[in-house]
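Structure record follows, encoded as structure tokens.
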Amino acid sequence: MKRTLETLLAAALLQLNKDGWLTTDAALPTAVVERTRDRLHGDFASTVALALAKSARRKPRELAEALRMRLPSDPSIDRVEVAGPGFLNFFLAPDAYHRVIQQVLADGDRFGCSTLGGDRRVQVEFVSANPTGPLHVGHGRGAAYGSVVAELLAAVGFRVHREYYVNDAGRQMDILATSIWLRYLELCGEVFRFPSNGYQGNYLWDIAATLHRTLGEGLRIAAASVLEAVPEDAPTTEEQAAGTGLTGDKEAHIDGLIGRAKELLGAKRYRTVFDLGLHAILEDIQSDLGHFGVQYEEWYSERSLTERGKVNEAIDRLKAGGHLYLQEGAWWFRSTAFGDEKDRVVVRENGQPTYFASDIAYHMEKLERGFEWVVDIWGADHHGYVPRIKAALTALGADANKLRVLLVQFAILYRNGTRMQMSTRSGEFVTLRELRREVGKDAARFFYVLRSAEQHMDFDLDLAKSQSNDNPVYYCQYAHARICSVFRALAEKGLSWDRSTATLERLTESHEQALMTTLSRYPETLEAAALAYAPHLLAHYLRELATDFHTYYNAHPFLVEDADLRSARLALVEAARQILSNGLRIIGVSAPDHM
RNA sequence: GCGCCCAUAGCUCAGAUGGAUAGAGCGUUGGCCUCCGGAGCCAAAGGUCAGAGGUUCGAAUCCUCUUGGGCGCGCCA
């Protein structure tokens with residue numbers, strides 16, 4: 001409906017230009033129409049006349065009037081008024097709203113979807129947490145946000161490819177594998193001090209136990225031998241408080257242990273431990289996300305990137321382009337040439353490519369796959385990483401604008417009114433699974449998506465866990481369940497309703513008008529939410545829709561004697577139910593028949 | 001120190017490309033079905049849009065500065 005008006009207005013603008021009202025050198029402004037806040041101003045309004053006034057050297061009201069005269073007639077429009085300093089106010093014909101109801105009932109699950117995307121392929125990569133431990137509530141925000149962004153893009157006609165980048169290579173994974181092995185050695189009866197920089201979480205014990213169960217003591221090596229020539233560790237915070245005299249470096253210590261693990265186990269046995277940990281944790285993440293309502297088209301392995309030579313290819317291409325230089329034994333990418341604040345290492349002194357090198361290869365490969373554009377959803381702490389990735393893509397001759405990085409701010413977790421720290425390494429965190437079990441998938445997802453991604457979010461665990469009506473998801477679900485209940489009551493009373501449109505003009509109450517207006521806003525809301533990557537717009541819309549329904553419900557009975565009126569009201573209410581259902585589905589929240 | 005993000009009602013937050021009187025939820029106060037589900041509805045109170053300048057017909061929105069917070073600045077990922 002919004003689009004219709006904009007098309008009409010664009011035509012009027014063109015005509016106005018032809019008639020010589022506008023200076024020829026000025027570009028024609030886009031015909032933007034927006035919803036009015038006040039019903040007295042009609043249904044839609046445009047400010048083009050105000051915007052145009054200066055360049056055309058005309059009074060805004062004159063321009064508005066001239067535009068009004070040139071608007072093609074349309075059955076949806078009842079009348080157009082010039083108001084205030086030069087607003088064009090559009091008043092829709094009641095019939096236009098009736099057609100919306102018919103359209104909703106006809107389209108059903110598809111209502112609101114569009115072909116805006118034209119089947120263009122878009123990739124959305126999100127979560128991509130290192131498989132070094134279970135997902136925590138911080139990942140939950142990215143999971144909810146990313147999956148809804150993907151759903152929104154799909155709803156407006158893009159072919160969406162959802163992808164999780166699995167960091168199954170690199171030092172963090174080595175730390176994990178070594179931590180698992182050390183726990184295994186403890187299960188074998190070895191006694192030693194666990195490294196401060198190892199992964200401390202309890203889930204490590206489970207994996208170590210599996211290892212012990214399947215391989216017995218086949219990987220056991222005496223602790224003294226393992227620790228031989230390994231640099232001293234630094235104290236943990238607890239040890240520091242207790243005054244332990246360790247003065248070493250925790251990174252050097254863990255690297256030493258990793259080296260010993262590889263050395264003592266040999267490549268093959270080390271890989272066994274490594275892969276066991278990787279698969280156990282990855283499967284955990286996959287099932288966790290699955291239960292959270294998040295599906296991927298692809299789980300993309302970082303290791304496969306190396307194995308297929310993609311990392312070397314990227315490095316070679318950068319070298320060939322003259323974008324790398326050797327300094328102190330390492331290869332540096334001259335990212336400052338493309339706007340980054342400093343140059344970055346891509347190949348370490350020891351010959352190992354950095355994580356950044358893999359990431360360059362990954363993004364190069366993403367664009368090679370022919371997506372219209374690719375969306376990366378990252379935690380806001382990675383914002384400094386954006387310029388170097390874009391720099392690399394530019395250096396490789398790719399269009400860096402095809403990469404859109406969306407940063408999700410942290411959810412600051414509160415429990416009992418106090419802020420909680422989250423750290424995978426220390427093992428002290430609330431997992432996504434815990435949250436899901438305590439709050440439920442529906443509430444958790446809705447809660448996450450209610451806030452715009454660029455806002456810092458206070459996640460009050462107690463509030464989210466309490467099944468109070470503070471949580472707006474129940475409010476929306478209740479509206480849906482209530483409508484279903486109305487139709488059950490209809491059947492119980494032996495009444496019927498007729499979808500035929502003939503009686504929709506009986507919808508004359510202000511509550512009915514308000515609800516119809518809200519229904520008509522759904523398609524444009526979906527579109528805006530998709531294009532702005534802003535799921536919260538949809539969440540807020542659904543809450544408004546639920547409000548309009550509940551208000552209407554309280555003000556007027558639907559199951560009235562008058563069959564025409566009854567059918568009209570039920571058609572309206574059924575349309576509301578359909579949209580609640582459609583919108584909740586996109587957010588990944590169920591629309592229950594009863595609660 | 002440098003860079004990015006943020007600051008709107010008591011609390012949590014909406015206000016895309018500058019538009020008409022800045023909105024919602026929660027909380028507070030006071031009301032509402034013998035009825036289709038009270039997880040609901042109605043009403044009231046609540047604002048120096050962090051502060052100060054600037055741009056213009058018009059600024060919560062754009063620019064500059066200040067204050068206050070978050071994050072980043074590794075041959076980690």
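Chain identifiers are assigned alphabetically (A, B, ...) following the order of the sequence lines, protein sequences preceding nucleic acid strands; residue numbering begins at 1 within each chain.
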By nearest-nucleotide position on RNA chain B, the 5'-leaning member of A:Pro353 and A:Thr547 is A:Thr547
Taken to the nearest whole Å, CD/A:Gln409 to P/B:A7 is 10 Å
Separation of B:C41 atom P from A:Asp548 atom CG, nearest Å, is 10 Å
Only one of A:Leu13, A:Val33, A:Val80 passes side chain to side chain contact (heavy atoms under 4.5 Å, CB included) with A:Ser46, and that residue is A:Val33
How would you label the contact of A:Thr551 with the nucleic acid (heavy atoms, under 4.0 Å): base, sugar-phosphate, or nothing? sugar-phosphate
Q.
Under 4.0 Å from OP1 or OP2 of B:C41: is there any side-chain N or O of A:Tyr475 that close?
A. yes
In whole angstroms, the gap separating P of B:A24 from CG of A:Leu545 amounts to 17 Å
Taking the six-membered ring for Trp, does A:His41 stack with B:A20 (centroid gap under 5.5 Å, planes within less than 30°)?
yes
Out of B:C73, B:G37, B:C41, minimum distance to the side chain of A:Glu341 belongs to B:C73
Heavy atoms under 4.0 Å, any strand shown: does A:Ala528 hit a base, just sugar-phosphate, or nothing? nothing
Requested in this report: Using the C1' atom on both, measure B:U55 against B:C62 and round to a whole Å.
Outcome: 8 Å
Tell me whether A:Phe87 is stacked on the nucleobase of B:A20, counting only the six-membered base ring and applying the 5.5 Å and 30° thresholds. yes
Checklist line | Pairwise C1' distance, B:U12 and B:G27 [rounded to whole Å] | finding: 11 Å
**Asked** What distance, rounded to whole Å, do you find between the two P atoms, one in B:A43 and one in B:U8?
**Response** 27 Å
Of the listed B:C36, B:C75, B:G25, the closest approach to the A:Arg543 side chain comes from B:G25
- prompt: How far, in whole Å, is B:A22 from B:G18 if one measures between their C1' atoms?
  reply: 14 Å
Q) Is the gap between the ring centers of A:His550 and A:Tyr475 under 6.0 Å? A) yes
Note to self: By the 4.0 Å heavy-atom rule, please label A:Glu328 as base, sugar-phosphate, or nothing.
What the structure shows: base
Sugar-phosphate, base or nothing in reach of A:His511, heavy atoms under 4.0 Å: nothing
Note to self: Need one value for A:Ala45: base, sugar-phosphate or nothing, where a base atom within 4.0 Å counts as base even if backbone is also close, heavy atoms only.
What the structure shows: base
Whichever of A:Ser46 and A:Ala453 has the more 5' nearest nucleotide on RNA chain B, that residue is A:Ala453
Practice problem: Describe, in one word, how the ring planes of A:His363 and A:Trp378 are oriented to each other, choosing from parallel (under 30°), tilted (30 to 60°) and perpendicular (over 60°). | Solution: perpendicular
Let's test your reading of the model: under 3.5 Å, does the base of B:C41 pair with the side chain of A:His550 as donor and acceptor? no
Taken to the nearest whole Å, CG/A:Asn554 to P/B:A43 is 12 Å
*If we take the C1' atom in both B:A20 and B:U67, what is their distance in whole Å?*
33 Å
Checking N1-N3 plus N6-O4 or O6-N4 for Watson-Crick, or N1-O2 and O6-N3 for wobble, each under 3.5 Å, the partner of B:U64 is B:A52
Handout entry: P gap between B:G68 and B:A50, integer Å
Key = 16 Å
Margin query: Side chains of A:Asp376 and A:Tyr165: any donor to acceptor distance under 3.5 Å?
Written below: no
So that I know where these two stand, are A:His323 and A:Phe338 an aromatic pair - ring centroids less than 6.0 Å apart?
yes
When rounded to whole Å, the CG to P distance for the pair A:Asp442 and B:A39 reads 18 Å
* Quantified in whole Å, what is the P atom distance between nucleotide B:C13 and nucleotide B:C65? -> 28 Å
In terms of ring plane angle, is the pair A:Tyr385 and A:Tyr355 parallel, tilted or perpendicular, where the classes change at 30° and 60°? tilted
So does A:Asp381 reach the base of B:A77 with its side chain, donor to acceptor, closer than 3.5 Å?
no
Point to revise | Pairwise P distance for B:A9 and B:G30, with rounding to whole Å | key: 25 Å
Whole-Å distance, A:Asp340 CG to B:G74 P, equals 11 Å
| query | Looking for any heavy atom pair under 4.0 Å, which part of the strands does A:Tyr385 touch: base, sugar-phosphate only, or nothing? | reply | base
- Query: Counting only distance, no hydrogens or angles, is the base of B:G3 paired donor-acceptor with the side chain of A:His383 under 3.5 Å?
  - Reply: yes
Side-chain atoms of A:Asn130 come closest, of B:A77, B:C13, B:A39, to B:A77
The Watson-Crick or G-U wobble partner of B:U12, with both key distances under 3.5 Å, is B:A24
Requested in this report: Kindly say if A:Lys342 contacts the phosphate of B:G3, meaning a side-chain N or O under 4.0 Å from OP1 or OP2.
Outcome: no
- [ ] Answer with base, sugar-phosphate or nothing: what part of the nucleic acid does A:Leu40 contact at a heavy-atom distance below 4.0 Å?
- [x] nothing
Is A:Gln477 touching bases, backbone alone, or none of the nucleic acid, heavy atoms closer than 4.0 Å? nothing
Within the 4.0 Å heavy-atom criterion, would you say A:Tyr553 contacts the bases, only the backbone, or no part of the nucleic acid? base
Exercise for review: Respond yes when some side-chain nitrogen or oxygen of A:Ser452 is under 4.0 Å from OP1 or OP2 of B:A14, and no when none is.
Suggested key: yes
Exercise for review: Respond yes when some side-chain nitrogen or oxygen of A:Thr47 is under 4.0 Å from OP1 or OP2 of B:G19, and no when none is.
Suggested key: no
For B:G38, take OP1 and OP2 only and decide whether either is under 4.0 Å from a side-chain N or O of A:Arg482. yes
> Base, sugar-phosphate, or nothing for A:His382, non-hydrogen atoms under 4.0 angstrom?
Replying inline: base
(request) For A:Pro85, answer base if it contacts any base atom (sugar-phosphate contacts may also be present), sugar-phosphate if it contacts only those atoms, and nothing otherwise; contact means non-hydrogen atoms under 4.0 Å. (result) nothing
- Measure the shortest side-chain to side-chain distance between A:Phe487 and A:Val573 over non-hydrogen atoms and say whether it is less than 4.5 angstrom. yes
For A:Leu542 and A:Leu584 the tightest heavy-atom approach is CD1-N, 3.7 Å
Ring centroid separation for A:Tyr145 and A:Tyr448, is it under 6.0 angstrom? no
Rounded to whole Å, CG of A:Asp593 lies from C1' of B:G37 at a distance of 14 Å
Atom CZ of A:Arg171 and atom C1' of B:C76 are separated, to the nearest Å, by 6 Å
**Prompt:** Contact class for A:Asn89 (heavy atom, under 4.0 Å): base, sugar-phosphate, or nothing?
**Reply:** base
